[in-house]
Every structure is written in structure tokens, then in C-alpha cells.
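Working notes for the structure below.
Since we're looking at a predicted model, the values are computed, not measured. In this chain, numbering begins with 1 at the start of the sequence shown.
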Amino acid sequence: MNQLPTAVTRTMEEAKTILAGEPKLLELFLNCFPNTLTTTTKTHEDGTSYVFTGDIPAMWLRDSSAQVTQYLTLANEDEDIRNIIKGLVRKQLGYIQIDPYANAFNETELSISDLHYQDETELNGWVWERKYEIDSLCYPLQLSYLYWKETGDASLFNDEFKTTVDIITNLWKTEQTHRESSSYRFVRHDCMPSDTLPENGLGTPVAKTGMTWCGFRPSDDACQYGYLIPSNMFAVVVLRYVEEIARDVYGDNAWAGQVADLATEIDEGIQKYGIVEHPEFGPIYAYETDGMGNHNLMDDANVPSLLSIPYLGYRDAKDPVYQNTRRFILSEENPYYYAGTAASGIGSPHTPKEYIWHISLSMQGLTSISEDERKQLLETLISTDAGTGYMHEGFHKDNPAKFTRDWFAWANSIFSQFVYQEKLKSARKSMTS
């Protein structure tokens, strides 16, 4: 964008007063808060918004939604922000109608021979990558709902929205019996095992549970077991959102009831198959399961994660099973939790071993009920930017100068959201009242 929305520049000016005594935090916020708009947002002539991820030119449905979430609280006071977010949702809905199994899209349609990946799956010139991830379909629905709640503007809820929701819910129903009903296959050759699905692209076997199957995690890594619990939780949350929209905006009680039934089926599957009795932590949520007694006990830095359960709105932060799960995933019992001299936190099999993610540290802060913990996390985030003034993907637990991705807008956005919630929100209200 050539010019920032007025509400963004005003918030940055207010931050200079609110954070005057914390110069490093102020520097990071002033860099990170507008980063999505200044470096990754394009507005097209049709009024849609193309928000690419940063150092990769493609637009992920997940990342693009998360990249603008910090602006939602300003949307009611700024028409430019409203137009950017509405334009993004319209772009996302159009992409989902092209291919609901795709996770990332090109800005323009390419010839099949020019595609970035030549995977064994249904190829399309608009699709950057066709790794099926439940959360890719959840995020646009969440963004639409939160935008409506923040602004009262229901203009997104038109025939195109309903058509797209029907595509999503029909897909989720199909994937409740993946092996019997689904045409989706994904094979990538000459790659890491995490970049392809086993069993000729079908994924590992699963039993019917009521949950909906998922090929890949929000890290874009293949699932070990096909029922990814955090993503199924996210699906339950957004289906409840759609139920409300169907009833209160469309006045369609039959549609609302159908959506509610699907949410209930998935939720019942989570509760029956997704909770494991841990010998140290008690009942905790598994990260993945196959519905046949196998569970993957871990958490990944990418959102949706088990850490993010209250942030998603699935359970309250004080919920006992969540608190048990949180203690587990923030311990070395979680194979991707790393404790080092520079920081301690959750990383991902997507990045090198012992690399902690800034996204997970910000999410830990956004879901913490402890003021001391939130304060410590802010201090950690401030001290691990490697002098760049921005957040990164992963950094080494003992040496933040060793990091991946110096231009990763999602990490900057969620950090900004944490700082806004923790430092600016109440102070800004008092300044503007």
C-alpha cells in the first residue's frame, strides 16, 4: 500500500506516548504493526485484496487472515481498513470456490507448466499449493464473523458467502469418511516425508469418529494421524459462527440447524477420541489421533495449535483440560518445546530442532492468565529479534541471531496483536475518550 489507513497511523502515534518508557518495544511495534499493509498487501481493481505471506509471493488463506487480525479492532473507525478486510474475504471466497482443497494461491492464473509445484493431485493455474488443511477454510469464516461483530457491517453475507460455506461444509462432511468418500490425493516426489502423504496420497488409515479428516497441519507438514485436534476445534468454532450468521443475518433456521449438527458431530468426536489420560498431567488434548487408539502427543507453533485453544474460542483459558494440556505442551514432555539460554518456548518440526517460534511466544502471551507470564514473554520477544526490529519464524533457543525467515508478516502481526492487547488497548481507549 502507498498510504496507511488513518487509524493505523493514529494508533502508531498513540503508541509513541503509551510506550515512551519502553523504547525497544516501541521500535518493534512501530515496525511490526503496519508491516502487513506496507509490504504484503495489494488492492486489485475489482476491490479485492491480495495479501501474500512475505518472502514467498503466494497468498495463504490462513496467513492472509492472521496477517490482518490486528487491524480488526480499528475497522469500525476506518473505512480503508474495512475495505481491505472485506476485499480480502472476497478474494478468499473466490479462491475457495476455485479449489477448496488448496491452501495457497497465485495472484494471477498461471499455465500448468509454470506452477511452482508439479504434485500428483488436481492441478489448477490459480493454485500455488494444494495441501489440504482444515484451518485454511476456517480462517476466512472467522475473519468474516469477527469483522461483522466489530463493525456491524453484514454486507459480506451475500449469496457468494453462502455458496462458499456450503462448499466448505460439504467438504468437511465428505472428509468425515475420508477413505470411503474423498477424491483428494496428494503426492510430492523428491521431497521430505513431511511434504507428501503416504499410502499413494491417501494418508495414514483412520476410523470414523465424527471429526473431519485433515491432510496437513497449519505448518504445511503432513499429519501423522488424520484427525488434527486443534483444527477440528477451530472448525467447531467457525461452524457455531456460521450458525449464528445463518439464523440472525439470513433468517435461515434450516441452514443454521444443519451447520449446528455438523459442529456437534465434530465436537463429540473431539471429546470422545481426542482426550488422553496422561500419567503426569491428567486428561489432556492430543494433537492428532486416528480414531483407532493412536495419539500424537505434542504441539506445534503454528495456529491453530493446542496452545491457542482459548484464542480460537473453543474453550476458556481456565478450562481444566486446557490448563492440563498447556502445562504439558509448555514442558519438555512436548517434543517441540525447547528451553535455552535465550528463550524457552514451542517450535515446530517444520523448522530446525531447538528453534523457537515468535508466533508461539506471542500466542502463549495472548492465552496466558498470568500477568507475570505475559510480562516475561514480552521481554523475551523484545530480546530475540536479533537486532532486526522484526519478528521471525524460528530462532535458536541459545542464539536468536540464528533464525529462519526475516520477512514473515504473520509473526509480525500476531506480535503486534499481543502488544496491542497487553499495552495499548486500555490506554488508547482512555486517550481517545
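Side-chain contact of Q70 with S416: a donor-acceptor pair under 3.5 Å is absent, judged by distance alone. Side-chain contact check for S136 and N103: no donor-acceptor pair (N or O, by modelled atom type) lies under 3.5 Å. Between T40 and Q67, the side chains place a donor N or O and an acceptor N or O closer than 3.5 Å (distance only, hydrogens not considered). A donor and an acceptor atom, one from each side chain of S348 and W357, are nowhere located under 3.5 Å apart. Between T212 and Q176, the side chains place no donor N or O within less than 3.5 Å of an acceptor N or O (distance only, hydrogens not considered). In summary, the side chains of R185 and T121 do not present any donor paired with an acceptor at a separation below 3.5 Å, with no hydrogens or angles considered.
In this structure, H116 and W128 have parallel ring planes: the angle between them is below the 30° cut-off, well short of the 60° mark. Between F328 and F281, the ring planes lie perpendicular to each other; the angle is over 60°, past the 30° to 60° tilted range.
For T209, the side-chain contact (heavy atoms from CB on, under 4.5 Å) test picks out M211, Y227, Y273, with sequence neighbours left out. Evaluation of the salt bridge (Lys or Arg N to Asp or Glu O under 4.0 Å) rule for D153 yields K86 as partners, not counting sequence neighbours. Qualifying side-chain contact (heavy atoms from CB on, under 4.5 Å) partners for P283, counting only residues two or more places apart in sequence or in other chains: I275, E277, N324. Looking at residues two or more places apart in sequence or on another chain, you find a salt bridge (Lys or Arg N to Asp or Glu O under 4.0 Å) between E244 and K149. Here R62 pairs with E133, D135, D220 under the salt bridge (Lys or Arg N to Asp or Glu O under 4.0 Å) rule; sequence neighbours left out. In this structure S368 satisfies the side-chain contact (heavy atoms from CB on, under 4.5 Å) test together with R326, S370, E373, R374, sequence neighbours excluded. For T48, the side-chain contact (heavy atoms from CB on, under 4.5 Å) test picks out H44, D46, R90, K91, with sequence neighbours left out. Qualifying ring pair (Phe, Tyr, Trp, His ring centres under 6.0 Å) partners for Y314, counting only residues two or more places apart in sequence or in other chains: none.
Salt bridge annotation for E288-R217: present, with a cationic side-chain nitrogen under 4.0 angstrom from a carboxylate oxygen.
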(request) Begin from the C-alpha positions of H358 and F395 and carry the test ring pair (Phe, Tyr, Trp, His ring centres under 6.0 Å) through to its verdict. (result) CA-CA 8 Å; H358 280 132; F395 64 91; 4.7 Å; yes
Let me have the donor-acceptor pairs involving side chains of residues 255-264, under 3.5 Å, with sequence neighbours excluded, atom names and distances please.
{"unit_1": "W255", "atom_1": "NE1", "unit_2": "D166", "atom_2": "OD1", "d": "3.4"}
{"unit_1": "T264", "atom_1": "OG1", "unit_2": "A260", "atom_2": "O", "d": "3.0"}

Donor-acceptor contacts, no H, no angles, side chain residues 193-202, under 3.5 Å, sequence neighbours left out:
{"unit_1": "D195", "atom_1": "OD1", "unit_2": "K131", "atom_2": "NZ", "d": "2.5"}
{"unit_1": "T196", "atom_1": "OG1", "unit_2": "R188", "atom_2": "N", "d": "2.9"}
{"unit_1": "E199", "atom_1": "OE1", "unit_2": "R179", "atom_2": "NH2", "d": "3.2"}

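Looking only at side-chain heavy atoms (C-beta outward), L146 and Q142 come within less than 4.5 Å of each other. Y147 places a side-chain heavy atom less than 4.5 Å from the side chain of L156.
Within the structure, ring-ring contact (aromatic ring centres under 6.0 Å, His included) pairs that include any residue of residues 196-220 comprise H178-W213, F186-F216 (at least two apart or interchain). Screening residues 202-216 for salt bridge (charged side-chain N to carboxylate O under 4.0 Å, His left out) gives no qualifying pairs among residues at least two apart or on separate chains.
A donor-acceptor pair under 3.5 Å is absent between the side-chain atoms of S305 and the main chain of D299, judged by distance alone.
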